[in-house]
S.K.: 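Here it is, the structure in full.
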Amino acid sequence: MATHLKNALTHLNDWNHQLIFADSPFEYPFLRCVEVTMNKQIEGWLFDAYPVAGGMVVWLLDGEGRAHQLRDTLTTSFFVWGERGELHTLCEQIRAARLPVQLKRAERYDLFQRATLELLEIVVSDPARVANIVKTVTRFNPNLTYYNCDISSAQLYFYERNVFPLAPVRVEVNEQNQICAMDVHESPWELNYALPPFKVMTLKLEGDLLNPNHGVRAPLEVGLDDSTRVLVDDDPREMLLRFQELLVAYDPDIIVSAWGDSFILPRLIELARKYRVPLSLNRDATRDIQFRPARSYFSYGRIVYKTASHVLCGRWHIDRENAFLIDDYGLDGTFELARITQVPVQQVARTSTGSGISAMEMATAYRNSWLIPWQKREPEAWKTADELIASDKGGLVFQPIVGLHEEVAELDFVSMFPTIMEKFNVSPETVNCPCCGDVRVPELGYSICRKRRGLIPETLAPLIEKRVRYKQLARELPKDDPLRELYKRRASAHKWLLVTCFGYLGYKNARFGKIEAHEAVNAYGRDALLIAKEIAELRGFRMLHAIVDSLWIHKANARNEDYAEITRAISDATRLPIQLEGIYNWIAFLPSRQDPQMPVANRYFGVFRDGEIKMRGIEARRSDTPPFLRRAQVEMINVLATAKNRAEFLERARDVLLLTLDLLDRLHAGQIPFADLVISQHLSREPQAYKTNHLNAIVAKELLGRGVNLAAGETIRYVITEYRARAPSDRARAVEHLDGLYGYDAARYAELTARTVTTLFSALGVKQTAIQKRLDLARQLPAARPRPALPSPQMELPLFAWQTQQTYRMNRARVFA
DNA sequence: TACAGTCGGGG
DNA sequence: GTGTACGACTGTA
């Protein structure tokens with residue numbers, strides 16, 4: 001996961017405070033009947049569920065914060081379809097192997113075959129053995145078709161009991177803590193829900209959140225409520241004992257860590273083994289920590305590295321450095337995802353939203369008793385270039401008209417692709433159905449089923465609705481209301497589910513994917529954008545730019561009613577909701593850098609009438625841009641944002657250049673801290689595999705030389721120390737190993753600064769050389785304006801600050817030697 | 001100039 | 001438990 005340094009530097013404890021428990025109090029209806037029984041009732045939130053021999057362990061957290069470990073049974077089935085004789089043979093093999101299963105005949109609907117099949121049902125009543133039984137049976141005859149055979153026990157348990165993680169439940173348990181009955185009285189689609197009073201422990205290494213796997217050493221810092229303890233120790237055994245004491249005494253429900261998966265937990269476990277100290281990371285002492293090794297995989301055309309994971313039993317461990325998009329939607333978003341996807345919290349935190357939407361599709365199928373196909377893990381076959389183009393004729397783009405435009409309106413279709421799937425019933429099994437010929441997809445002519453509601457639309461409908469309602473609620477609340485942020489984070493989690501849903505339709509390996517459905521969605525989308533364009537132009541607007549689901553239009557002196565009318569007309573004509581994102585005082589569509597005559601889509605910035613700034617594709621939006629440059633560019637746009645029109649924009653250019661000069665002065669004076677100059681990039685391969693000596697390769701090799709094992713897909717962070725140095729190793733340095741001997745290369749960062757300024761004026765045809773010339777001239781004229789005295793020697797300030805920190809660190813960093 | 005390597009978009 | 005894209009852009013040789 002890409003981690004922005006800004007986020008990384010935020011203290012975990014602060015971050016943890018984002019958690020909001022501000023929902024309505026948790027109340028149960030009055031209990032009317034009193035039964036004479038030895039059973040007791042527990043009310044609380046469903047916290048976790050996992051298989052053990054003979055059944056499931058189920059954890060509940062009650063309103064007082066107590067954790068209850070309960071047991072439940074779980075009987076599930078998987079299905080086999082094939083030729084009668086082969087099924088018969090399979091049954092005999094299963095009987096001969098004395099597998100603990102029950103065999104039945106069953107009928108179930110297969111979406112893709114559009115038929116009810118007669119199948120062999122294999123019933124298993126020990127969830128811990130399902131995986132092995134499936135393995136054995138499929139090995140007997142791999143050529144048969146298997147269904148419902150690769151769903152996790154936890155998910156099946158949630159489906160069977162009709163519950164979800166964090167659902168408020170009332171259970172009845174006997175004296176052995178066996179669950180006899182479970183009542184859930186809340187829907188996962190409830191907007192306002194209460195969460196249990198979690199006890200949270202944070203774990204990190206003291207200091208900045210640098211990657212400990214890249215060679216940084218620091219003592220362990222444990223956060224509990226508002227206090228922080230640093231476990232400094234020369235004696236690891238003593239340190240472990242103190243940590244264990246804290247664990248037992250505080251008994252946290254959640255351990256939130258930074259680098260816990262890849263570093264802290266494995267070290268603690270290893271030390272505990274070595275020194276024979278008990279370590280109660282799991283609440284359930286009978287279970288081992290669930291370990292999954294690190295791996296690299298492809299996603300969105302790039303390689304991603306995922307560190308090993310350590311999943312706990314009876315307690316959650318969430319590593320914010322190894323949690324998918326958690327910086328985006330926080331713990332609130334993660335909890336929301338767990339509730340609506342019915343995937344346990346620790347899993348949902350670590351996997352992409354792609355598997356989240358896939359889980360929701362499975363739940364829909366399960367609810368309807370439709371067969372769930374086995375997900376093959378075969379890598380997708382290589383496609384030729386032609387095939388790629390043919391199958392991926394994606395969204396429609398109209399190139400922008402380069403320049404600085406005044407009074408531009410942006411219209412956006414709301415959640416365009418998900419809405420298309422839902423409204424037009426696009427689903428893998430509804431496209432090209434044999435039964436309906438009267439509904440045709442534009443351009444393609446595919447038919448769409450009218451008789452059956454599709455799996456995807458059924459899955460998406462409540463999600464789309466909930467997201468819209470959260471966005472609406474957030475809009476209505478005042479800016480400082482904490483609930484507003486909560487709603488926004490939940491809506492953001494939904495957004496990612498919706499976005500990946502479309503992607504998954506076109507992915508061959510997806511359980512419910514079909515390329516024709518993907519194409520159909522795209523075709524509806526292109527059609528809608530074209531209709532919107534026509535409607536706008538008929539009303540005298542000029543279209544400046546359009547991309548997939550947004551369009552930018554201009555008409556001098558257009559009134560609010562005009563915009564209201566046009567959005568209504570487009571919504572009516574396309575049957576898709578479209579809204580006015582806003583009206584820009586001005587917006588700059590930037591030219592290509594390689595060919596200044598050419599426009600590029602998605603490189604623009606502008607200011608709405610309410611003062612809000614929107615930018616895409618420019619340096620400040622890129623994750624590899626150092627914070628110094630990002631802030632510099634944002635500051636400059638802030639200066640420009642005070643301009644109401646083109647003329648004022650031009651007037652502000654002077655102020656932007658003055659601001660730039662100040663920044664350059666500070667840069668050359670050595671006043672910028674290293675942390676602000678860090679470049680953060682992904683490695684697409686292992687360090688040795690690089691052919692050229694660019695900075696990434698140099699730093700990767702430096703780390704390698706220090707014994708750091710770097711995998712493809714990992715992120716490295718470095719500062720440019722001497723860009724044009726003869727010896728490559730002098731050119732840049734990993735942040736983890738910057739020391740007092742190095743300063744940053746002010747000249748190089750100055751060049752980059754000039755480039756970020758140039759971007760802002762490129763729509764006016766201004767070249768970097770022109771900007772550079774002016775900046776150089778101004779810097780040579782110190783008398784022209786007051787400037788701060790340069791400290792001497794140049795690097796004194798940050799050097800001093802850094803050294804003290806280093807010394808401090810080295811003196812204390814003994815724990816994980 | 002050719003080639004190598006990385007990033008964003010979506011909201 | 002996962003999208004082998006695409007084009008823009010920067011940098012090296």
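The chains referred to below are lettered A, B, ... by the order of the sequence lines, with proteins before strands, and numbering in each begins at 1.
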S.K.: It should be established whether A:Ser415 places a side-chain nitrogen or oxygen under 4.0 Å from OP1 or OP2 of nucleotide B:dG11.
M.R.: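 Answer is no, no contact under 4.0 Å.
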S.K.: What's the CD-P distance between A:Glu619 and B:dG9, to the nearest Å?
M.R.: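 Result: 12 Å.
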S.K.: Roughly, in whole Å, what's the span from CH2 in A:Trp496 to P in B:dG11?
M.R.: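 After rounding, the gap between these two atoms is 10 Å.
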S.K.: Whole angstrom is fine here: how far is it from OH in A:Tyr690 over to P in B:dG5?
M.R.: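 After rounding, the reported distance stands at 7 Å.
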S.K.: Which residue in the set A:Phe417, A:Phe502, A:Tyr524, A:Phe512 passes ring pair (Phe, Tyr, Trp, His ring centres under 6.0 Å) when paired with A:His518?
M.R.: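 When A:Phe417, A:Phe502, A:Tyr524, A:Phe512 are each tested with A:His518, the ring pair (Phe, Tyr, Trp, His ring centres under 6.0 Å) holds only for A:Phe502.
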S.K.: Would you say the side-chain atoms of A:Arg350 pair up with the backbone N or O of A:Gln346, donor to acceptor, closer than 3.5 Å?
M.R.: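 Yes.
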S.K.: Once you measure the plane-to-plane angle for A:Phe78 and A:Tyr146, does it fall in the parallel (<30°), tilted (30-60°) or perpendicular (>60°) bin?
M.R.: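 Judged by the thresholds at 30° and 60°, the geometry between A:Phe78 and A:Tyr146 is tilted.
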S.K.: Students often get this wrong, so: under 4.0 angstrom with heavy atoms, is A:Phe413 touching a base, only sugar-phosphate, or nothing?
M.R.: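 Nothing: the residue A:Phe413, judged by heavy atoms under 4.0 Å, touches no strand.
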S.K.: Rounded to whole angstrom, note down the C1' distance from C:dT4 over to B:dG11.
M.R.: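 26 Å, rounded to whole Å.
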S.K.: Could you tell me the separation between the CG atom of A:Leu590 and the P atom of C:dA8, rounded to a whole number of Å?
M.R.: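 Answer to the nearest Å: 14 Å.
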S.K.: The side chain of A:Thr351 lies closest to which of these nucleotides: C:dA8, B:dG10, C:dT2?
M.R.: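 For the A:Thr351 side chain, the nearest candidate turns out to be C:dT2.
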S.K.: Are A:Lys614 and A:Tyr604 close enough that some pair of their side-chain heavy atoms sits under 4.5 Å apart?
M.R.: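 Counting from C-beta outward, A:Lys614 and A:Tyr604 do come under 4.5 Å.
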S.K.: With a 4.0 Å limit, can you tell me whether A:Arg755 has a side-chain N or O closer than that to the phosphate oxygens OP1/OP2 of C:dG11?
M.R.: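 Checking C:dG11 against A:Arg755, a side-chain N or O does come within under 4.0 Å of OP1 or OP2.
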S.K.: Could you state the CZ-P distance from A:Arg748 to C:dT10, rounded to the nearest angstrom?
M.R.: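 Those two atoms, CZ and P, are 10 Å apart.
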S.K.: Rounded to the Å, how far apart are A:Gln399 CD and B:dG9 P?
M.R.: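 Roughly 16 Å, once rounded to whole Å.
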S.K.: Using a heavy-atom cut-off of under 4.0 Å over every strand shown, decide if A:Arg685 touches base, sugar-phosphate, or nothing.
M.R.: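 A:Arg685: backbone/sugar contact only, no base atoms under 4.0 Å.
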S.K.: So, OP1 or OP2 of C:dG11: does either fall under 4.0 Å of a side-chain N or O from A:Thr692?
M.R.: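 It does not, given that no N or O in the side chain of A:Thr692 lies less than 4.0 Å from OP1 or OP2 of C:dG11.
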S.K.: Within the 4.0 Å heavy-atom criterion, would you say A:Gln594 contacts the bases, only the backbone, or no part of the nucleic acid?
M.R.: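 Touches a base.
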S.K.: According to a strict under-4.0 Å criterion, is A:Arg603 in side-chain N/O contact with OP1 or OP2 of C:dG7?
M.R.: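 It does not, given that no N or O in the side chain of A:Arg603 lies less than 4.0 Å from OP1 or OP2 of C:dG7.
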S.K.: Could you check A:Tyr584 against A:Phe608 for ring-ring contact (aromatic ring centres under 6.0 Å, His included), going step by step and ending with a plain yes or no?
M.R.: CA-CA 4 Å; A:Tyr584 294 87; A:Phe608 290 106; 4.1 Å; yes
S.K.: Does OP1 or OP2 of B:dG10 have a side-chain N or O of A:Asn602 closer than 4.0 Å?
M.R.: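 Looking at the OP1 and OP2 atoms of B:dG10, one of them is under 4.0 Å from a side-chain N or O of A:Asn602.
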S.K.: Ignoring the backbone of A:Ser684, work out which of B:dG8, B:dT6, B:dG10 is nearest its side chain.
M.R.: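 Shortest atom-to-atom distance from the side chain points to B:dT6.
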S.K.: Could you identify the nucleotide paired to C:dG7, looking across every strand shown and requiring Watson-Crick or G-U wobble geometry with both distances under 3.5 Å?
M.R.: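 With both distances under 3.5 Å, C:dG7 matches B:dC7.
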S.K.: Assign A:Lys471 to base, sugar-phosphate, or nothing according to its heavy-atom contacts below 4.0 angstrom with the strands shown.
M.R.: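 If one applies the 4.0 Å heavy-atom cut-off, A:Lys471 turns out to touch the sugar-phosphate alone, with no base involved.
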S.K.: In the structure I gave you, are the side-chain heavy atoms of A:Thr715 and A:Ser680 within less than 4.5 Å of one another anywhere?
M.R.: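 They are in contact (side-chain heavy atoms under 4.5 Å apart), so the answer is yes.
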S.K.: Would you tell me if any nitrogen or oxygen in the side chain of A:Tyr723 comes within less than 4.0 Å of OP1 or OP2 on C:dT12?
M.R.: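 Checking C:dT12 against A:Tyr723, a side-chain N or O does come within under 4.0 Å of OP1 or OP2.
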S.K.: Would you kindly give the OH-to-C1' distance between A:Tyr718 and C:dG11, to the nearest whole Å?
M.R.: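 Computing the A:Tyr718:OH to C:dG11:C1' distance gives 10 Å.
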S.K.: Please give, in whole Å, the distance from C:dT10 P to A:Arg622 CZ?
M.R.: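 To the nearest whole Å, that distance equals 8 Å.
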S.K.: With rounding to whole Å, what would you report as the distance between B:dT6 and C:dA5 at their C1' atoms?
M.R.: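 Rounded to whole Å, the distance is 14 Å.
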S.K.: What integer number of Å spans the P atoms of B:dG9 and C:dT2?
M.R.: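 Pairwise P distance, B:dG9 against C:dT2, rounds to 23 Å.
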S.K.: What is the nucleic acid contact for A:Asp412, judged by heavy atoms within less than 4.0 Å: base, sugar-phosphate only, or nothing?
M.R.: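 Nothing: the residue A:Asp412, judged by heavy atoms under 4.0 Å, touches no strand.
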S.K.: Which base sits across from C:dT2 as a Watson-Crick or G-U pair, both distances under 3.5 Å?
M.R.: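 Its partner: none found.
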S.K.: Does A:Arg621 place a side-chain N or O at less than 4.0 Å from the phosphate oxygens OP1/OP2 of B:dG9?
M.R.: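 Answer yes for this pair, as a side-chain N or O of A:Arg621 is under 4.0 Å from OP1 or OP2.
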